[in-house]
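Numbering starts at 1 and runs along the sequence shown. The structure displayed is predicted, hence computed values, not measured ones.
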Amino acid sequence: MAQTFKINNKFKTQLITAILSSPIVYIPHFNYAYIDKALTEICNPDIIGLIPDNVAELTENGDLLDFATKRPDEDWDNTIEKLLNILICNNPKEDEILKTKSIFLIKNFFAKFSDAKVIQRLQYFAAKYEQGEYDERTTLILVSPHAMEELPPEIEKLVTVVELPRPTDAEIMDFLSADNLPISRQFEAQESELRNALTRTLQGLQQYEVEQIIHATKVRTGGRLTEKTIKYALEEKKSIVKKSGIIEVVDTDVAFDQVGGLENLRDDLKRKASIFRHLDELSKVKLPLPKGILVMGMPGCGKSLIAKSIANEFGVSLLRLDVNRLMGQYVGQSEGNLRKALATAEAAHPCVLWIDEIEKAFAGANGGGGNDIVMRLMGHFLTWMQERKTAVYIVATANDVMRPEFMRKGRFDEVYFVDFPTATERIDILKKKIDHYRMTEKQKEIFDLKIDDAAIKEIAEAMHGGYYNNPQINDGFSGSEIQAVVESVMEKKYIEYLEKADANKLKNLAPEKVTIEKKDFIDETNLIKPSVMANQKGKKDENGHTEKTSVERIRDLQAVYKFRSASKTDNK
């Protein structure tokens with residue numbers, strides 16, 4: 001029989017306290033087997049003076065089950081409503097069922113909350129309990145997957161909510177012991193490393209989900225721990241997170257050294273990564289959890305790439321929030337979507353939550369206008385950021401202006417401004433993009449790259465200049481535009497190679513390499529230079545007012561707020 005998680009001691013303590021002090025307990029969860037096991041353990045004469053036989057389990061239809069066997073009690077011929085009537089009768093202590101049963105466990109009870117009479121009966125029961133008409137152990141335990149925020153306001157104050165905690169790293173590691181997941185012989189030397197990596201992958205999930213994932217991976221690996229177990233577990237975790245429809249798990253193997261430029265941002269985050277890799281020790285020094293960063297600036301300048309590299313540097317999963325899916329058509333649906341998304345992110349902690357183009361969700365296209373839904377969404381998000389207790393590191397990126405209250409210091413650990421690349425950064429980015437085509441022997445058989453450092457510097461210089469003609473600002477190519485130049489040159493040269501190869505084939509000649517020189521890159525640069533983002537000007541409307549581009553608005557914003565530059569200053 002497969003091993004399962006041990007019952008969490010904190011959960012048992014909270015459940016015991018709730019049973020002995022509250023008339024109604026609500027457990028918002030779907031893992032009914034785990035809750036049954038917890039009740040069985042605490043129903044002990046030495047703990048609360050009860051035994052499992054003192055638990056009455058009712059189905060949502062009102063059928064009474066034997067708690068241990070789950071078989072129907074043929075002598076019971078009533079409904080949940082009838083039980084509630086018994087509980088609020090004049091002499092509850094004299095009723096026959098109350099002589100043998102103290103805990104009434106009802107699963108999938110949530111549908112009953114739509115019945116006003118049921119709500120009223122629960123209120124009466126709670127009132128009689130408070131008046132001392134029941135033994136303190138008489139308790140209704142309601143279990144449902146619905147979140148506690150969905151409880152009716154009429155009984156919200158009467159209910160004690162006991163949440164089932166997610167397993168800690170130590171509990172996951174214990175579950176992944178050799179007894180439950182033996183190591184494959186060929187990976188014995190890597191056992192400790194593999195178990196640690198698998199534990200990190202499973203962080204933030206519920207016990208049931210961890211058990212299901214491990215069961216699925218064991219089927220695929222012959223029941224043993226291998227290197228592929230990590231890969232399969234991540235695939236299963238992605239499927240679980242994907243069910244939210246708003247959050248997705250993003251694969252990332254982007255390292256900081258693959259990001260061109262943005263030295264200040266990278267240096268700061270390397271220091272932050274050392275903290276994030278030792279989160280368990282933060283409480284010892286009474287430091288708060290890292291909040292995250294807001295990265296504002298020019299489109300195509302590496303904001304998305306830095307989000308991916310942060311997750312890789314921190315050694316955690318990268319989750320992406322699709323802001324376009326937040327907005328719902330019904331009242332309250334947008335706020336509900338946001339709550340669901342944030343709850344999903346917390347479930348996957350520790351993680352990096354990447355919110356791309358956050359201005360679309362919390363500011364509107366130009367950051368103006370008073371929209372009630374936007375304000376409620378922003379208010380909920382900011383409150384969550386302040387109050388969350390889980391290691392969810394926010395990386396929010398914006399290509400346009402944001403509301404001032406969102407950008408102020410304190411909301412995030414830091415707000416960074418990403419400008420178009422400096423001269424040094426253009427060289428760095430260009431070199432990384434060109435080096436991508438020097439990697440394999442096959443590439444070397446096709447391309448003869450006659451590009452040295454001096455050539456790269458000249459090409460980078462050709463990517464500078466725009467209508468601003470201001471030495472104090474960067475107005476050259478963005479990182480994505482530099483990449484576009486390199487890819488376009490390489491594609492054209494590859495087509496040239498294929499055409500020559502086809503011609504040589506007719507002559508029974510071997511394919512020839514194509515030479516790639518500095519001129520090819522400079523010609524392509526000059527071709528697209530007039531259309532680069534740094535050269536876009538605002539247009540005048542019918543009233544003669546100039547409507548600024550997002551690039552101009554971001555420049556104006558930086559001039560006012562002076563956010564920390566993501567790059568080191570250098571000549572343009």
- Task: Determine, step by step, whether D400 and S550 satisfy the side-chain hydrogen bond (donor to acceptor under 3.5 Å, both in side chains) criterion, reporting the C-alpha distance in whole Å, the side-chain angles of both residues, the deciding distance to 0.1 Å, and the verdict.
- Result: CA-CA 5 Å; D400 212 327; S550 62; 4.9 Å; no
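- Here the CZ atom belonging to R195 is positioned 9.5 Å from the OG1 atom belonging to T229, to the nearest 0.5 angstrom.
- In summary, E227 and K231 do not engage in a salt bridge, as defined by a charged side-chain N under 4.0 Å from a carboxylate O.
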- Task: Report the C-alpha distance between R388 and V392 in whole Å, list the side-chain angles of each, state the deciding distance to 0.1 Å, and finish with yes or no for side chain to side chain contact (heavy atoms under 4.5 Å, CB included).
- Result: CA-CA 8 Å; R388 76 184 187 276; V392 179; 4.0 Å; yes
- Task: Starting from the C-alpha separation in whole Å, work towards a yes-or-no answer on salt bridge (charged side-chain N to carboxylate O under 4.0 Å, His left out) for D419 and R555.
- Result: CA-CA 9 Å; D419 205 345; R555 285 203 187 283; 3.4 Å; yes
- Task: Show your working on side chain to side chain contact (heavy atoms under 4.5 Å, CB included) between I293 and I310 and close with a plain yes or no.
- Result: CA-CA 11 Å; I293 57 173; I310 290 171; 3.8 Å; yes
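- Side chains of S480 and Q483: no donor on one and acceptor on the other come within 3.5 Å.
- A donor-acceptor pair is defined here as one N or O able to donate and one able to accept, closer than 3.5 Å; such a pair exists between the side chain of S239 and the backbone of E235.
- Side-chain contact check for L181 versus L198: some heavy-atom pair is nearer than 4.5 Å.
- In this structure, the side chain of E552 engages the main chain of T549 through a donor-acceptor pair within 3.5 Å.
- Distance check, rounded to the nearest 0.5 Å: CD1 of I522 to OG1 of T525 gives 7.0 Å.
- Within the 4.5 Å cutoff, side-chain heavy atoms of L353 are placed close to those of L342.
- Salt-bridge check for R320 with E248: passed, with a basic side-chain N closer than 4.0 Å to an acidic carboxylate O.
- Between Y393 and F314, the ring planes lie perpendicular to each other; the angle is over 60°, past the 30° to 60° tilted range.
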- Message: Let's go through F447 and V514 carefully: what are the C-alpha distance in whole Å and the side-chain angles of both, what is the deciding distance for side chain to side chain contact (heavy atoms under 4.5 Å, CB included) to 0.1 Å, and is it a yes or a no?
- Response: CA-CA 5 Å; F447 303 124; V514 290; 3.7 Å; yes
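- Annotation: side chain of K291 is not in contact with side chain of I394 (no heavy-atom distance under 4.5 Å).
- Note: K493 NZ to I495 CD1 = 11.5 Å, rounded to the nearest 0.5 Å.
- Taking 4.5 Å as the limit, every side-chain heavy atom of F420 sits out of range of all side-chain heavy atoms of F477.
- Around the CZ atom of F187, the shell of radius 6.0 Å holds more than 12 heavy atoms that belong to other residues, nucleotides or ligands.
- Remark: the E425 side chain and the S567 side chain contain an N/O donor-acceptor pair separated by less than 3.5 Å.
- A salt bridge does not link D520 with K492: none of the charged nitrogens is closer than 4.0 Å to a carboxylate oxygen.
- Q443 places a side-chain N or O within 3.5 Å of a backbone atom of T440 that can act as its donor or acceptor partner.
- No more than 12 heavy atoms of other residues, nucleotides or ligands sit less than 6.0 Å from atom NZ of K308.
- Nearest heavy atom pair, residue G297 against residue I554, reads CA-CG2, 3.9 Å.
- Taking each heavy atom of G476 and A534 in turn, the nearest pair found is O-CB, 3.5 Å.
- Using a 4.0 Å cut-off between a side-chain N of Lys or Arg and a carboxylate O of Asp or Glu, D268 and R564 qualify as a salt bridge.
- A heavy-atom distance below 4.5 Å is found between the side chains of M490 and V486.
- Residues M298 and S478 have side chains not in contact (no heavy-atom distance under 4.5 Å, counting atoms from C-beta outward).
- When the options T199, N196, D174 are evaluated for a side-chain contact (heavy atoms from CB on, under 4.5 Å) with D169, the one that passes is T199.
- When all heavy atoms of L319 and C351 are compared, the pair lying nearest together is CD1-CB, 4.1 Å.
- Between the side chain of E357 and the backbone N or O of N399 there is no donor-acceptor pair closer than 3.5 Å.
- A search for side chain to side chain contact (heavy atoms under 4.5 Å, CB included) contacts involving E188 returns I183, R185, not counting sequence neighbours.
- Using a 4.5 Å heavy-atom cutoff, the side chains of I516 and F521 are in contact.
- At a threshold of 4.0 Å, the pair D556-R553 does not count as salt-bridged, since none of the basic side-chain nitrogens sits closer than that to a carboxylate oxygen.
- A cation-pi arrangement is present between R220 and Y232, with the terminal nitrogen or guanidinium carbon under 6.0 Å from the aromatic centre and inside a 45° cone about the axis.
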- Message: What verdict does the side chain to side chain contact (heavy atoms under 4.5 Å, CB included) test give for Y416 and L294, after you've listed the backbone C-alpha separation in whole Å, the side-chain angles of each residue and the deciding distance to 0.1 Å?
- Response: CA-CA 6 Å; Y416 291 92; L294 172 60; over 6 Å; no
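- The heavy-atom pair separating D453 from K431 by the smallest distance is OD1-CE, 3.7 Å.
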Atom pairs and distances, side-chain donor-acceptor, residues 497-506, under 3.5 Å, sequence neighbours left out:
from	atom 1	to	atom 2	distance (Å)
K500	NZ	E496	OE2	3.3
N504	ND2	A510	O	3.1
N504	ND2	E512	OE2	3.1

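- From I429, atom CD1 reaches atom CD1 of I434 across 12.0 Å, with rounding to the nearest 0.5 Å.
- Classification of K513 and E445 as a salt-bridged pair fails, no side-chain N sitting under 4.0 Å from a carboxylate O.
- Atom CD1 in I459 sits 10.5 Å away from atom CD1 in I427 (nearest 0.5 Å).
- The 12-atom threshold is exceeded at NZ of K432, counting heavy atoms of other residues, nucleotides or ligands nearer than 6.0 Å.
- Judged by distance alone, the side chain of K433 and the main-chain N or O of V485 form no donor-acceptor pair under 3.5 Å.
- Looking at D413, its side chain never comes within 3.5 Å of a backbone N or O of P290 through a donor-acceptor pair.
- Remark: side-chain polar atoms of S488 are not paired, donor with acceptor, to backbone N or O of A484 under 3.5 angstrom.
- Between A462 and K529 the shortest heavy-atom distance is O-NZ, 3.0 Å.
- The two atoms that bring A311 and L318 nearest to each other are CB-CB, 3.5 Å, heavy atoms only.
- The side-chain heavy atoms of E487 and E491, taken from C-beta on, include no pair separated by under 4.5 Å.
- Here CD of Q212 is found 11.5 Å from CG of L205. Values are rounded to the nearest 0.5 Å.
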